[in-house]
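For reference, the structure is listed below as structure tokens.
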Amino acid sequence: MALATALFPASLITLSAQAPPTASAPPRQLARHTLTGPLAAFDALLIELRPGPGQGREHTHNGPVLGYVLEGRVRFGVNHEPERIFGVGETFFEETGALHSTWGSADPTPARVVVFMLVPKAANAG
């Protein structure tokens, strides 16, 4: 966590257009670093997931996504595969274009996750 705090200062908080929808507050963008070549940016988001049925609106990302669980336990599933539960200190990975089909807090309390996303230039155009 100290590394994440050092790399992604809270003063860079904005909303991300690529962030996944959740049943809770909008994701906070901790940092966005502009990249060169085929990649537009590297994003770091803080997401709070509320308890619930474990599913939300299905969606995909135009780049890979890596999540790190800070607090609680997270329901996570892609491509309608059985959901998996990830706890504090665990990571989950979503390949480019995978259908993010299940997510949310696995407990009666919210879960907090730092999500790292690579954003291709095509996803940032417009």
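All values below were derived from every heavy atom in this structure, side-chain atoms included, with hydrogens, water molecules and symmetry-related copies excluded.
- Under the 3.5 Å distance criterion, the side-chain polar atoms of Asp43 are left unmatched by any main-chain donor or acceptor of Arg32.
- Listed here is the closest heavy atom pair of Leu49 and Ser105: O-CB, 3.4 Å.
- Across Trp103 and Glu58, no two heavy atoms sit closer than the pair CH2-N, 4.2 Å.
- Heavy atoms of other residues, nucleotides or ligands lying less than 6.0 angstrom from CD of Glu81 number more than 12.
- Although no hydrogens or angles enter the test, the distance criterion places no donor-acceptor pair under 3.5 Å between the side chain of Thr60 and the main chain of Gly97.
- Looking at Val114, Val69, Val113, Leu66 one by one, the single match for side chain to side chain contact (heavy atoms under 4.5 Å, CB included) with Thr91 turns out to be Leu66.
- Hydrophobic clustering (ILVMFWY, side-chain heavy atoms < 4.5 Å, transitive): Leu39 and Phe42 are in one cluster.
- Scanning both residues, Thr96 and Gly63, for their nearest heavy atoms gives OG1-C, 3.4 Å.
- In terms of hydrophobic clustering, with Ile, Leu, Val, Met, Phe, Trp and Tyr side chains grouped at heavy-atom distances under 4.5 Å, Leu70 and Phe116 are assigned to a common cluster.
- To the nearest 0.5 angstrom, Leu45 atom CG is 10.5 Å from Arg28 atom CZ.
- Using the six-membered ring where Trp is involved, His59 and His100 have ring planes that are tilted, between 30° and 60° apart.
- For the residue pair Gly87 and Arg73, the shortest heavy atom distance occurs at CA-CG, 4.2 Å.
- The heavy-atom pair separating Phe93 from Pro64 by the smallest distance is CZ-CB, 3.7 Å.
- Annotation: side chain of Ile85 is in contact with side chain of Arg75 (closest heavy-atom distance under 4.5 Å).
- Taken together through direct or relayed side-chain contacts under 4.5 Å among Ile, Leu, Val, Met, Phe, Trp and Tyr, Leu99 and Met117 form parts of separate hydrophobic clusters.
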